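Order of the sequence lines fixes the chain letters, A, B, ..., with proteins taken first and strands second; residue numbering starts at 1 for each chain. Model, not experiment: these values are computed from the prediction.
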Protein chains: 4
Amino acid sequence: MPKVGMEPIRRRQLIEATIESINEMGFGDTTVKQISARAGVSTGIIHHYFGGKEDLLEATMRKLLTDLREENVNRLSQCTDPKERVEAVIDANFSDRLFDIAPVTAWLAFWAQVPHSKRLRRLQQINKSRLHSSLRHALRQLVSEEDARKIAFGIDSIMDGLWVSCAVNGGTPTPAQSRELTRDYFYTQLDAIKRRKERD
Amino acid sequence: MPKVGMEPIRRRQLIEATIESINEMGFGDTTVKQISARAGVSTGIIHHYFGGKEDLLEATMRKLLTDLREENVNRLSQCTDPKERVEAVIDANFSDRLFDIAPVTAWLAFWAQVPHSKRLRRLQQINKSRLHSSLRHALRQLVSEEDARKIAFGIDSIMDGLWVSCAVNGGTPTPAQSRELTRDYFYTQLDAIKRRKERD
Amino acid sequence: MPKVGMEPIRRRQLIEATIESINEMGFGDTTVKQISARAGVSTGIIHHYFGGKEDLLEATMRKLLTDLREENVNRLSQCTDPKERVEAVIDANFSDRLFDIAPVTAWLAFWAQVPHSKRLRRLQQINKSRLHSSLRHALRQLVSEEDARKIAFGIDSIMDGLWVSCAVNGGTPTPAQSRELTRDYFYTQLDAIKRRKERD
Amino acid sequence: MPKVGMEPIRRRQLIEATIESINEMGFGDTTVKQISARAGVSTGIIHHYFGGKEDLLEATMRKLLTDLREENVNRLSQCTDPKERVEAVIDANFSDRLFDIAPVTAWLAFWAQVPHSKRLRRLQQINKSRLHSSLRHALRQLVSEEDARKIAFGIDSIMDGLWVSCAVNGGTPTPAQSRELTRDYFYTQLDAIKRRKERD
DNA sequence: GATGAATGAGGTTTCATTCAT
DNA sequence: TATGAATGAAACCTCATTCAT
């Protein structure tokens, strides 16, 4: 039943179906048939709207990335205090919407493709550099450039590790636990630096 | 030319070829043909020695796991001091041999399969619980049960995150940087706990 | 914006686009999408005006045939002398308009389909019998029935061969060279028959 | 049932099946399935032995070309007289084995692809230049360079035209009629040139 | 023990055609 | 009249697996 203005709707449907499929079936068993059946459309439509499977996968990763970016931007726009801003980034990465088994499992699948796909690598790099930049910018108001870089990298690593854990252990740890562990890292580091400075 | 006693040789060859292929081609493009060509044998040999592709993949993940286990056991056997033992675990996970782009990329690929393969999930869980057990055991001699659990989880998460980074960023950070960041986390946490205790 | 009286315009557009596409893309890559894009209309329009792809292809071959027919009729209407009439047929088949790479390539494509399409075969046969009839009729005034048939067949064969050459060699030989070779065949044959008759 | 040394057998089988399929089904309906069914093998085998459909098609055209070449070489090796050599070429092109509806229909199909395939074009050009060279070489011993070129081109064109006719008209004319018409062209031209020379 | 020819299911993609708008 | 979204059959191709040698 052909209609007009279906493009954005269909694209969203298909991307959602792709995330679901990667989560439930795995990246390797995510076929065009799987995706289209899940979206309730024919296989041909994927090529109509995306050109091919690879383009759909790229669009899917882009969607995950955009969601993450939005979550960060929204939360950052509501605070100016540096500590609050670092917390905002942490909260964004472990928001209930994003830190859910389906998107996180999809993330892990894409990470595993990154070493073998130029396009996915580019997306991943853009994401990484944005995240680091947000963190370093806020941290720079609290500590030295060098320390800011180190803490940003630490926060980032711990968050990546928790995402892996979420996917691999089927939803463990919870968003709250994850936020807590990361925040703890952040404040412990801050404290340690402060004390070190006092000693000098 | 048929030979006797080829089994362990062939199995090792094929597992090595599988890791190479996953690293260079990606998990999805790692076919039986790829692997056998790389090992310089026919495709049929894989079924002869492993029963099928899935069994070879499982054996390959088991190999990665065994290597990691060996590295840990070797280093742990040389020290008794709790702090040294925690450092030993960290050093094992970032040893130059294991924290290399090829095995780490293969690891990431397996992680991405874990949610969809019972057999791989079992291996992963065994590995995780061993690692946690080693860390908690050592930490328990330094801090409370609760803190030990937290720090063990923190160290594990940060290590996972660094492995992801290594695979995704093509070898960044270096083993030394990774060890440093993890050790720093460990000692900062220890310090924070000590000071908290003093305050009480 | 719907218009009235568009039928003949659209039909001509689509037929032209089909010839262009066959010439540039080949028969196999001449898809409904190709054709409609070239004509600047939607794909649906083809079924609206032609019923289907096959009907469009038949109409296209019919167009090529009609052009050839017109060229012949026009030139034949301007002469009554038998030799001139044979030359008129030759000139028609190698007129600059028809003996051009685009229509000739399309012709060759249709020839290749003729053995497998009843409808195209019918068109081809009509064309052939008209051509033979024109030639034999004129030749009959110059030579015996048997010789007329032979020369007509010879002229026809040589013309077909030159059309193949034009398509296959990308426009070689030129119309002038082709006319020359065919005329030469005609007059040489005529001469030979005359001398043979004189000898008897 | 795997065997050794099957390659040449399978390749021949598949090429034969391709020619049959083009003849019976047409180029467009000659699918991998068609061909493999006709050869009594699975579809996969085509990719095993030829890499892909296109390579099989190229190999098929090459086969047609090789057969033609062989026929020419065999006949030419048995005569030295220039006239006999020209006749040998004509006889080769209209031998009962080659001037048969199946290979000729396949030839026509390939001709139609030549304008759109670099690889087929190359094969076609090699074939053409060999044929011309054979003819011109023999003719050069009978007439001037210029006349040799013209007659060679004429013989070639008339032969091409007769091949088209054979495919398009389902086997008409017969090999004998075709040889006769071409030989007649040859000797009539020779005669005409001789008389022209005498007149001067 | 080892090979690689052979299979056939299943993957992605293309395409003529239909139809609501 | 005209569009282009949507379908689904069928095309080419890949690949794990089997098995005669």
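- Regarding C:Met25, its CE atom lies at a distance of 12 Å from the P atom of E:dC15, rounded to whole Å.
- Protein atom CZ of D:Phe50 is 16 Å distant from nucleotide atom P of F:dT14, rounded to whole Å.
- Here E:dA20 sits opposite F:dT3 as a Watson-Crick or G-U wobble pair (both hydrogen-bonding atom distances under 3.5 Å).
- One finds a side-chain N or O of B:Lys53 lying less than 4.0 angstrom from the OP1 or OP2 phosphate oxygen of F:dA16.
- For the pair C:Ile46 CD1 and F:dT3 C1', the computed distance is 13 Å after rounding to whole Å.
- The nearest whole Å value for the distance from the CG atom in B:Asp29 to the C1' atom in E:dG11 is 13 Å.
- Atom name P, nucleotides E:dG1 and F:dT21: the rounded distance is 22 Å, in whole Å.
- Surrounding NZ of A:Lys33 are at most 12 heavy atoms belonging to other residues, nucleotides or ligands under 6.0 Å away.
- The NE2-P distance, from D:His48 to E:dG8, rounds to 15 Å in whole Å.
- Listed nucleotides E:dC15, E:dG8, E:dT12 differ in distance to A:Thr31; the shortest reach to its side chain belongs to E:dT12.
- Electrostatic pairing of B:Asp55 and B:Arg62 does not count as a salt bridge here, judged by no charged N lying under 4.0 Å from a carboxylate O.
- Counting heavy atoms of neighbouring residues, nucleotides and ligands inside a 6.0 Å radius, atom CD of A:Glu54 does not exceed 12 of them.
- The nearest heavy atom of DNA chain F to B:Glu54 and to D:Gly52 marks one nucleotide each, and the one closer to the 5' end goes with D:Gly52.
- Counting any heavy atom pair closer than 4.0 Å across all strands shown, C:Val32 reaches a base atom.
- Checked for salt-bridge contact, C:Lys63 and C:Glu16 meet the test: a charged N lies under 4.0 Å from a carboxylate O.
- Nearest-nucleotide mapping onto DNA chain E: of C:Thr30 and D:Gly44, the residue sitting toward the 5' end is D:Gly44.
- For the pair A:Leu57 CG and E:dG11 C1', the interatomic distance rounds to 13 Å; values are reported in whole Å.
- Taking atom NZ of A:Lys33 as the reference point, atom P of F:dT14 lies 19 Å away to the nearest angstrom.
- Between D:Ser42 and C:Gly28, the one whose closest nucleotide on DNA chain E sits nearer the 5' end is D:Ser42.
- Distance, C:His47 NE2 to F:dA5 P: 16 Å, rounded to whole Å.
- The side chain of B:Met6 lies closest to E:dA2 when the candidates are F:dA5, E:dA2, F:dT3.
- Across F:dA2, F:dA9, E:dA5, the shortest atom-to-atom separation from the side chain of C:Arg10 is found for F:dA2.
- Within the 4.0 Å cut-off from OP1 or OP2 of F:dT1, not a single side-chain nitrogen or oxygen of C:Tyr49 is found.
- With a cut-off of 3.5 Å on both pairing distances, the Watson-Crick or G-U wobble partner of F:dG8 is E:dC15.
- When only modelled atom types and interatomic distance are considered, A:Arg122 and A:Gln125 share no side-chain donor-acceptor pair under 3.5 Å.
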